[in-house]
Amino acid sequence: APEQSQRAIAREPCGGAASLEEALAKKRAELNHVSEHDIHDASAPSSSSAFEDIKSYQQYVQLFNIERWMEALGDATFDTALVAMTREEAEALVTLYEGSASVELQSEAASVLADATLRLQTAMDRVRSSEGGCFVKTSSRSAKDSGETEEIRTRVRSVLQALSAQDENAQLIALSYASMQLLRFAEANKVIS
């Protein structure tokens, strides 16, 4: 039976059409045309409940924030410290991150973050490794979500040179080491900036 189906396929390429072009044309003609009126996108929030949908989604995502599950790890993970931020500090962080605000607003945002920077530095000093750094992240973001592309390239080249190899395995090792180096911070002001 497998030989017969292979022969049938060999005799009727592209579903009986003489060419791929003809097969595509035939399939296009068979498609059902749907008007916009007939489309019902259940994934889009409805205007009447958009706010409730967004709020519900945010509450769901917050279930996965580190402060919800960190204690369950116990001593199976690195020393960890949580540093709370006020809403004003969070908004200032967004202002600095977006970089489109005026110099005056950016200066004001930096001023608002001064106290948060001190609190973060205290926590970092408490948990950082003897090698001088620690990973820092917000509740819903991974520490790996940041990194300067050019600095990663520079560090990868440096590690490859130290390994005296250029093969794929060495490249993966170099990328891993470079990423770990870049994600380890000793100074809170570098994290905030």
Side-chain angles (χ1 to χ4, degrees), residues 45 47 49-163 171-193:
S47 58
S49 66
F51 178 76
E52 291 83 14
D53 290 345
I54 292 169
K55 185 177 178 180
S56 174
Y57 174 75
Q58 287 176 339
Q59 288 172 339
Y60 174 74
V61 168
Q62 288 175 0
L63 294 173
F64 303 97
N65 286 352
I66 188 172
E67 60 270 16
R68 300 281 182 142
W69 51 262
M70 184 179 77
E71 287 183 25
L73 295 176
D75 63 354
T77 188
F78 302 100
D79 286 338
T80 305
L82 299 178
V83 179
M85 292 186 91
T86 66
R87 182 178 195 86
E88 183 183 23
E89 290 167 341
E91 289 169 354
L93 194 59
V94 169
T95 298
L96 289 178
Y97 176 76
E98 289 177 341
S100 59
S102 67
V103 173
E104 183 180 330
L105 284 176
Q106 288 185 19
S107 177
E108 187 179 313
S111 177
V112 166
L113 287 169
D115 188 51
T117 303
L118 290 174
R119 292 192 319 270
L120 180 58
Q121 187 65 57
T122 300
M124 290 171 65
D125 290 343
R126 197 171 59 241
V127 300
R128 70 178 159 165
S129 69
S130 60
E131 296 161 9
C134 60
F135 294 110
V136 179
K137 67 183 264 354
T138 61
S139 290
S140 61
R141 299 300 302 228
S142 171
K144 68 184 183 319
D145 289 342
S146 70
E148 302 265 339
T149 307
E150 206 45 52
E151 194 168 345
I152 289 173
R153 282 190 185 109
T154 301
R155 291 186 186 227
V156 165
R157 286 186 201 112
S158 174
V159 173
L160 281 171
Q161 195 172 29
L163 291 173
Q171 290 174 17
L172 289 171
I173 291 169
L175 181 59
S176 178
Y177 275 96
S179 298
M180 285 187 283
Q181 290 169 358
L182 283 175
L183 296 174
R184 193 176 345 167
F185 290 92
E187 298 173 25
N189 60 349
K190 290 191 177 181
V191 172
I192 298 293
S193 65

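Hydrogens, waters and symmetry mates are skipped; everything else that's a heavy atom, side chains included, is used. This is a predicted model, so every value here is computed, not measured.
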State, with a plain yes or no, whether a side-chain heavy atom of [X] is found less than 4.5 Å away from one of [Y].
X      : Y      : value
Val191 : Met124 : yes
Gln171 : Val156 : no
Ile152 : Leu175 : yes

Distance (rounded to the nearest 0.5 Å) between [X] [atom1] and [Y] [atom2]:
X      : Y      : atom1 : atom2 : result
Gln59  : Ile54  : CD    : CD1   : 12.5 Å
Glu98  : Leu105 : CD    : CG    : 11.5 Å
Gln106 : Tyr97  : CD    : OH    : 14.0 Å
Ile192 : Lys190 : CD1   : NZ    : 14.0 Å
Glu91  : Leu113 : CD    : CG    : 11.0 Å
Tyr177 : Leu163 : OH    : CG    : 8.0 Å

### Query
Is Arg153 salt-bridged to Glu150, cutoff N-O under 4.0 Å?
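Salt bridge present between Arg153 and Glu150.
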### Query
Testing Thr122, Asp115, Thr117 for side chain to side chain donor-acceptor pair (under 3.5 Å) with Arg119, which one passes?
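That would be Asp115; it is the only one of Thr122, Asp115, Thr117 passing the side chain to side chain donor-acceptor pair (under 3.5 Å) with Arg119.
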Please give me the minimum heavy-atom distance between [X] and [Y], naming the atom from each residue.
X      : Y      : value
Trp69  : Phe64  : NE1-O, 2.8 Å
Ala90  : Met85  : N-CE, 4.3 Å
Arg155 : Ala178 : CB-CB, 3.6 Å

### Task
Look only at the side chain of Gln121 and the backbone of Ala186, and say whether a donor-acceptor pair between them is shorter than 3.5 Å.
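The answer is yes, because a donor-acceptor pair under 3.5 Å joins these two groups.
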### Query
Does a sphere of radius 6.0 Å around CD in Glu88 hold more than 12 heavy atoms from other residues, nucleotides or ligands, not counting ones at 6.0 Å or beyond?
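Open: at most 12 neighbouring heavy atoms sit under 6.0 Å from CD of Glu88.
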### Intermediate values then yes/no, side-chain contact (heavy atoms from CB on, under 4.5 Å), Glu108 and Thr95
CA-CA 10 Å; Glu108 187 179 313; Thr95 298; over 6 Å; no
